[in-house]
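Notes for the one structure printed next.
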Protein chains: 2
Amino acid sequence: MSDDTDACSIAASLGIVGDRWTILILRDAFRGLRRFDEFRRDLDIPRAVLAERLRRLVDHGVMTRRAYQERPVRHEYRLTRMGLELSPILVSLMQWGDRWCREDGPPTLLVHADCGTEIDLHFHCWHCDTPFSATDIASRPGPGEHHRPMPPLEGADPEEPPGDEPSSHRAATG
Amino acid sequence: MSDDTDACSIAASLGIVGDRWTILILRDAFRGLRRFDEFRRDLDIPRAVLAERLRRLVDHGVMTRRAYQERPVRHEYRLTRMGLELSPILVSLMQWGDRWCREDGPPTLLVHADCGTEIDLHFHCWHCDTPFSATDIASRPGPGEHHRPMPPLEGADPEEPPGDEPSSHRAATG
DNA sequence: CCACGTCGGTTCGCTCGCTGAACCGAGTTG
DNA sequence: CAACTCGGTTCAGCGAGCGAACCGACGTGG
């Protein structure tokens with residue numbers, strides 16, 4: 001693969017979590033699963049693959065392996081802070097799937113635990129105090145090296161989504 | 001694979017974009033690349049794989065293929081609205097990589113085009129008017145079928161990130 | 001006219017990773 | 001001591017990814 005890990009943090013992230021099984025394991029971890037066999041049964045994943053993926057996640061610091069009992073010693077896997085911070089990725093994957101991969105509406109809603117309000121993960125500029133969309137994103141060099149510019153973006157056909165309106169807010173093209 | 005596509009929109013999304021090359025192709029599309037050879041050279045991806053991935057993306061409605069010239073007829077690939085709405089996934093992958101996969105700081109910053117303010121993709125409850133994190137997420141059944149509950153989440157070791165503070169949504173560095 | 005270059009692919013062996021199934025070791029249960 | 005649990009490892013087979021070659025439609029230059 002083009003190892004543009006240096007120039008692109010997306011490529012860097014994919015080096016750790018850029019694989020279907022890994023994402024599903026993490027999803028299950030967010031759902032509270034911790035044990036090898038829980039993951040294995042839920043995902044119906046080959047044992048060897050699960051073992052290898054968990055090892056990778058632990059090696060990278062995304063999960064920890066700790067004994068939850070001695071005699072016989074058995075281990076469980078938990079998300080670290082690094083792992084917990086993957087949540088926006090999983091949430092955005094879920095919301096995109098909700099929106100574009102089904103007609104019958106989301107099977108599960110995510111809400112703010114404190115108040116039960118549905119989670120809304122859209123771009124919002126705290127400076128302009130306004131929502132915006134992908135076409136309103138620009139890029140500029142960061143403190144790290146290896147910047148590659150991103151020209152202004154333009155979509156192709158503005159095909160309508162299957163179901164409802166984009167959202168209550170989200171102005172942009174509308 | 002456990003085809004829990006019905007129960008889980010994450011699995012459904014992964015069925016379309018759950019593959020390393022596909023994500024990198026989409027990243028390049030967001031950066032403005034459109035032609036077969038642009039993708040191929042930038043990613044150094046095998047031609048056959050690129051052709052197959054683009055075909056899949058077009059089949060699923062994420063990109064369109066349209067001729068940009070006749071004689072000889074040549075095609076370009078563009079993001080549809082469905083594709084453009086993948087941006088939160090890519091942005092969150094990028095921000096996670098910025099934060100956890102490098103010490104030297106992000107190579108590229110994404111900003112709101114209108115005002116240049118850095119993009120901040122964190123959870124924010126518009127009801128409580130407060131930011132929150134993964135551990136403050138709960139779930140409940142949605143309108144679709146097949147709900148699977150998510151118990152309250154608890155991380156393992158609250159290991160510190162390499163760089164700055166976690167919460168208090170990091171404003172633009174400047 | 002013919003050789004060469006460009007662009008968007010397809011075809012072809014080879015290899016490498018995923019797969020399901022079997023096996024294993026430490027320990028508990030009956 | 002046989003059976004079961006849990007967390008793995010090992011192994012043969014197969015399919016997906018790989019680099020390289022080839023292809024077809026067209027423009028270019030000699």
A/Tyr77 side chain near D/dC6 phosphate (N/O to OP1/OP2, under 4.0 Å) | no
Discussion item. Any carboxylate oxygen within less than 4.0 angstrom of a Lys/Arg side-chain nitrogen, looking at A/Glu85 and A/Arg81?
Written reply: yes
Among the nucleotides D/dG17, D/dG8, C/dG9, whichever has the atom closest to the side chain of B/Asp19 is D/dG17
Picking from D/dG19, C/dC7, C/dC18, the nucleotide nearest the side-chain atoms of A/Arg53 would be C/dC18
note: A/Glu52, atom CD; D/dG7, atom P; distance rounded to Å ~ 18 Å
Note: for B/Glu38 and A/Val49 on DNA chain C, the residue whose nearest nucleotide lies more 5' is B/Glu38
**Item:** B/Arg74 to B/Tyr68 six-membered ring, cation-pi geometry met (6.0 Å, 45°)
**Value:** no
* Can a salt bridge be assigned to the pair A/Arg65 and A/Glu76 using a cut-off of 4.0 Å between side-chain N and carboxylate O? -> no
NZ/NE/NH1/NH2 to OD/OE distance under 4.0 Å, A/Arg27 and A/Asp42
yes
A/Asp37/A/Arg35 salt bridge by N-O under 4.0 Å criterion:
no
Note to self: Over all strands shown, is B/Phe39 touching base, sugar-phosphate only, or nothing at heavy-atom distances under 4.0 angstrom?
What the structure shows: nothing
Whole-Å distance, A/Arg40 CZ to C/dA22 P, equals 14 Å
Here the distance between atom C1' of D/dC6 and atom CG of A/Leu50, to the nearest Å, is 12 Å
Under 4.0 Å between a Lys/Arg side-chain N and an Asp/Glu carboxylate O for A/Arg53 and A/Asp19?
yes
Write out a two-atom table: protein N or O, nucleotide N or O from nucleotides 20-27 of chain D, distance below 3.5 Å.
none

Among the nucleotides C/dT10, D/dC18, C/dG20, whichever has the atom closest to the side chain of A/Pro46 is C/dG20
Rounded to whole Å, the CD-P distance (B/Glu76 to C/dC7) equals 14 Å
Here the distance between atom P of C/dG9 and atom CZ of B/Arg35, to the nearest Å, is 12 Å
Considering only heavy side-chain atoms of B/Trp21, the closest of D/dG17, D/dC6, C/dC18 is D/dG17
In whole angstroms, the gap separating C1' of C/dG8 from CE of B/Met63 amounts to 15 Å
- Item | Phosphate OP1/OP2 of D/dG8 contacted by A/Arg65 side-chain N/O (<4.0 Å) | yes
B/Gln69 atom CD is separated from C/dT6 atom P, nearest whole Å, by 14 Å
Here the distance between atom P of D/dG7 and atom CG of A/Asp42, to the nearest Å, is 14 Å
Practice prompt. Classify the angle between the aromatic ring planes of A/Tyr77 and A/Phe39 as parallel (below 30°), tilted (30 to 60°) or perpendicular (above 60°).
Written response: perpendicular
